[in-house]
> 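Okay, here's the structure, questions in a sec.
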Amino acid sequence: MEASIVRVSGVTKNFTMGKSQIQVLKGIDLEIGMGEYISIMGPSGSGKTTLFNMIGGLDKPSSGSVFIDEVDISQLDAYELAWLRCRKIGYIFQTFNIIQVMTALENVTLPMVFGGISDDDAREKGMELLDLVGLKKRFQHKPFELSGGQQQRVAIARALANDPAIILADEPTGNLDLSTGEEIIFLLKMLSREKNVTIISATHDLKMLNVSDRVVWISDGRIEKIENRDELSISIGQISETHT
Amino acid sequence: MLQAGHSTSHLPKKQVVLPFYKSVEIAVKSIKARFFRSMITTMSLILAISFFSYTKFNANIAKTVFIADDKAAVQKLLHLGYEPVNYKDGQGTSPKERWILFLSLLVCVVGIVNTQLMAVTERFRDIGTMKCLGALDRFILRLFLIEAGLQGMIGASIGALFGVLIAFFNTFIRFGTSAWNFISFNDSGMVILTAIALGCMLSILGVLYPALLAARMQPVEAMKGKD
Ligand SMILES: Nc1ncnc2c1ncn2[C@@H]1O[C@H](COP(=O)(O)OP(=O)(O)O)[C@@H](O)[C@H]1O
Ligand SMILES: [Mg+2]
């Protein structure tokens with residue numbers, strides 16, 4: 001493995017619900033290399049989204065640290081954190097989260113605006129990215145004029161806007177039908193190869209297994225096992241038996 | 001083809017930006033996209049400001065009439081309940097008028113706070129998304145303030161013109177053609193400008209608390225809002 005781009009070290013996360021405290025993450029250790037395609041697999045409620053938020057700097061761990069490029073992100077101030085979210089990480093969500101009042105192109109260029117890139121450059125690059133995800137002709141469309149799959153493509157283009165080192169995808173296919181989901185998965189895989197982006201995808205979609213370099217199985221806030229792709233192909237029959 | 005540049009960490013300035021003209025652009029988009037809601041937010045402002053400019057316009061007329069001491073006109077005003085002492089000098093309006101004005105503006109601001117709180121809740125997801133894309137708290141705050149400022153400007157302009165226009169015709173109904181002697185276009189202009197400035201202020205004042213709430217929100221909180 002190359003130098004690690006993401007290192008999660010002893011991360012726990014508690015949520016207080018009224019008087020009781022529940023521990024959702026119970027000590028996660030994980031190291032992810034540059035350009036890897038990682039799937040975080042686990043049943044609903046196992047803590048995938050919570051881990052996703054920790055890695056993405058969207059929420060703070062109760063204990064432990066997340067390092068991105070060997071920088072502890074809990075040490076960053078608001079400006080540095082915003083910069084990290086803007087330039088270093090691209091986010092993709094289950095619910096697409098395309099900004100409703102903006103066109104496809106405006107959505108894609110928004111991170112570039114925040115990143116201080118000039119309008120013309122942003123526009124040009126936005127069109128290139130929309131072309132890359134197959135939506136060049138739709139650049140002026142508003143989200144409500146796009147299908148779920150198309151919205152997710154816009155989200156992918158937007159996530160790539162500032163050439164992030166990491167793309168975090170939380171159940172990117174969760175709201176899509178089978179074949180559209182598959183297209184999105186292959187698009188992500190293609191991009192990770194072409195751009196050498198690290199992709200970390202939380203999912204319980206077994207279609208993701210084929211494209212992953214490694215699969216992190218998480219259950220009840222703990223890592224159950226981490227499998228490389230070659231190990232996967234052996235156990236895949238068994239997986240599809242146990243997860244139906 | 002685009003090339004991935006992972007060298008972003010070596011950029012000299014790690015600062016996210018949102019140029020002012022871009023903020024305005026986004027704010028205008030939001031207003032257009034939510035035209036109906038913007039109208040409702042602005043409606044109470046239009047009414048309050050038109051009431052304000054109507055009252056101010058009439059007060060100016062009363063002042064001119066009392067100072068010019070036009071017998072017939074003074075008689076009419078006295079009959080309508082205008083008291084010379086309130087208009088000749090001092091505040092230019094009667095205590096009762098000031099009290100009603102204050103109340104109407106207060107109700108207006110409360111109304112704006114209320115609708116803006118609702119508007120902000122509706123936009124939690126967008127706000128959270130923007131924060132994930134790198135927006136700072138103050139970008140969000142600025143967007144809301146600009147939006148409110150523009151809404152205030154538009155609403156107050158409509159309200160001010162409306163109020164002055166009604167007061168203008170009202171003056172003719174009261175005094176007939178001699179109204180021309182009492183109407184000063186400078187004063188009317190001042191009334192309109194004051195009303196517009198006041199409207200912008202109220203609109204911004206009303207959005208302040210909702211906008212602060214929105215700006216301070218953590219991205220995760222904002223995202224999980226409603227699915
Ligand atoms: N903000 C929160 N407050 C309280 N409990 C939470 C919060 N976020 C998540 N949880 C709980 O943490 C557990 C894991 O949630 P999540 O990370 O969303 O799981 P997954 O994404 O794997 O479905 C769930 O039981 C959920 O109810
Ligand atoms: Mg989840």
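Numbered from 1 within each chain, the chains take letters A, B, ... in sequence-line order. Below, each value reflects all heavy atoms present in this structure, side chains not excepted, and no hydrogens, waters or symmetry copies.
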> With a sphere of 6.0 Å drawn around NZ of B:Lys96, does it hold more than 12 non-hydrogen atoms of other residues, nucleotides or ligands?
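Incorrect, the count does not exceed 12.
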> Look at atom NZ of B:Lys63 and say whether more than 12 heavy atoms of other residues, nucleotides or ligands are closer to it than 6.0 Å.
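Counting neighbours around NZ of B:Lys63, 12 or fewer heavy atoms of other residues, nucleotides or ligands fall under 6.0 Å, so no.
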> Is there a side-chain contact between A:Asn53 and B:Pro219, using heavy atoms and a 4.5 Å cut-off?
no
> Sort out for me which of A:Val71, A:Ile89, A:Asp131, A:Ile99 touches chain B most, counting heavy-atom pairs under 4.5 Å.
A:Ile99
> Might you point out which heavy atoms bring A:Tyr91 and B:Cys132 nearest each other, and give the distance in Å?
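Residues A:Tyr91 and B:Cys132, closest heavy atoms: CE1-O, 3.1 Å.
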> Between atom CE of A:Met102 and atom CG of B:Asp126, what is the distance when rounded to the nearest 0.5 Å?
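Rounded to the nearest 0.5 Å, the CE-CG separation comes to 8.0 Å.
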> Could you tell me whether B:Phe162 atom CZ has more than 12 heavy atoms of other residues or ligands within 6.0 Å of it?
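No, not enclosed.
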> Quick check on A:Glu80 against chain B: is it the side chain, the backbone, both or neither that has a heavy atom closer than 4.5 Å?
neither
> For B:Gly134 and A:Cys86, work out which heavy atoms get closest and say how close.
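B:Gly134 and A:Cys86 have their closest heavy atoms at CA-CB, 3.8 Å.
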> Could you tell me which portion of A:Gln94 (side chain, backbone, both or neither) has an atom closer than 4.5 angstrom to a non-hydrogen atom of chain B?
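Neither; nothing under 4.5 Å.
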> Tell me if the CZ atom of A:Arg123 is crowded by more than 12 foreign heavy atoms within 6.0 Å.
no
> Between A:Leu160 and chain B, with a heavy-atom cut-off of 4.5 Å, which part of the residue counts as in contact: side chain, backbone, both or neither?
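For A:Leu160, neither part sits under 4.5 Å from chain B.
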> Does A:His204, at its NE2 atom, have more than 12 non-hydrogen atoms belonging to other residues, nucleotides or ligands within less than 6.0 Å?
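No.
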> Are B:Met130 and A:Leu110 packed together at the side-chain level, in the sense that at least one heavy-atom pair is separated by less than 4.5 angstrom?
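Result yes, sub-4.5 Å side-chain heavy-atom pair found.
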> Measuring from atom CD of B:Gln218 to atom NZ of A:Lys60, what distance do you get when rounded to the nearest 0.5 angstrom?
7.5 Å
> Residues of residues 21-30 of chain B under 4.5 Å from chain A (heavy atom pairs)?
B:Tyr21, B:Lys22, B:Ile26, B:Lys29, B:Ser30
> CE of B:Met190: more than 12 outside heavy atoms within 6.0 angstrom?
no
> So, for A:Leu58 and B:Val220, which heavy atoms are closest and what is the spacing to 0.1 Å?
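Result for this residue pair: O-CG2, 3.2 Å.
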> Which atoms of A:Asn97 are under 4.5 Å from chain B, going by heavy atoms: the side chain, the backbone, both sets, or neither?
both
> Using a cut-off of under 4.5 Å on heavy-atom pairs, state which of A:Leu81, A:Asp119, A:Ile5 scores highest against chain B.
A:Asp119
> May I ask you to check whether over 12 heavy atoms, not counting those of B:Met153, lie within 6.0 Å of atom CE?
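It does not: B:Met153 CE has 12 such atoms or fewer within range.
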> Look at atom CZ of A:Phe15 and say whether more than 12 heavy atoms of other residues, nucleotides or ligands are closer to it than 6.0 Å.
yes
> Determine the minimum heavy-atom distance between A:Tyr79 and B:Arg138, stating which atoms define it.
CE2-NH2, 3.6 Å
> Spell out the residues in residues 147-159 of chain A that have some non-hydrogen atom less than 4.5 Å away from a non-hydrogen atom of chain B, in order of number; otherwise answer 'none'.
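Hits under 4.5 Å: A:Arg158.
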